[in-house]
Amino acid sequence: MTQQTVKLARWVCLECHYIYDPAKGDKKGGIPPGVPFDDLPDTWRCPECNVLKAKKGVFKRLDD
């Protein structure tokens, strides 16, 4: 059996266009690589513009 790597979706902040890439995580926010956007706490904030993840309609999933 081979292990498949799942490509995690990237998300863009519509306020400042910062892209959260789960492969990189968020060093500034203490989020290690490999954490999917959906698993970020609602208290997580965009490292560029400080908008709250829980704010509706601010983050949009990027289709690769």
Side-chain angles (χ1 to χ4, degrees):
M1 229 180 197
T2 60
Q3 183 182 5
Q4 288 186 332
T5 54
V6 177
K7 187 170 184 347
L8 300 171
R10 295 178 308 147
W11 288 71
V12 63
C13 174
L14 299 177
E15 295 281 319
C16 70
H17 305 289
Y18 167 81
I19 295 176
Y20 175 75
D21 185 348
K24 296 177 183 174
D26 171 21
K27 190 180 287 187
K28 186 176 176 183
I31 307 295
V35 176
F37 184 81
D38 291 335
D39 289 351
L40 293 174
D42 286 342
T43 55
W44 179 81
R45 292 182 175 272
C46 173
E48 294 295 319
C49 71
N50 211 35
V51 72
L52 199 58
K53 175 197 174 199
K55 188 175 178 186
K56 298 288 181 209
V58 175
F59 290 93
K60 181 177 185 256
R61 182 185 177 124
L62 291 175
D63 296 320
D64 289 325

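Scanning all heavy atoms of the two residues, the minimum distance from Cys46 to Cys16 falls at SG-SG, 3.6 Å. Here the shortest heavy-atom pairing between Pro32 and Gly30 reads CD-O, 3.5 Å. Closest non-hydrogen pair, Asp26 versus Arg45, comes out as OD2-O, 4.4 Å. Listed here is the closest heavy atom pair of Lys28 and Pro47: NZ-O, 2.8 Å. The minimum heavy-atom distance linking Glu15 with Val58 is given by the pair CG-CG1, 3.7 Å. Of all non-hydrogen atoms in Val12 and Leu62, the two that sit nearest each other are CG1-CD2, 3.8 Å.
Under the 4.5 Å side-chain heavy-atom criterion for grouping Ile, Leu, Val, Met, Phe, Trp and Tyr, Ile31 is not connected to Leu8 through any hydrophobic cluster. Val35 and Tyr18 end up in the same hydrophobic cluster when Ile, Leu, Val, Met, Phe, Trp and Tyr side chains are linked at under 4.5 Å.
Relative ring orientation between Tyr20 and Trp44 is described as perpendicular, the plane-to-plane angle rising above 60° on a 0-90° scale split at 30° and 60°.
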For this session: Just do the ring-ring contact (aromatic ring centres under 6.0 Å, His included) check on Trp11 and Phe59 with the steps written out, would you?
Result: CA-CA 6 Å; Trp11 288 71; Phe59 290 93; 7.7 Å; no
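Phe37 places none of its side-chain heavy atoms less than 4.5 Å from the side chain of Arg61.
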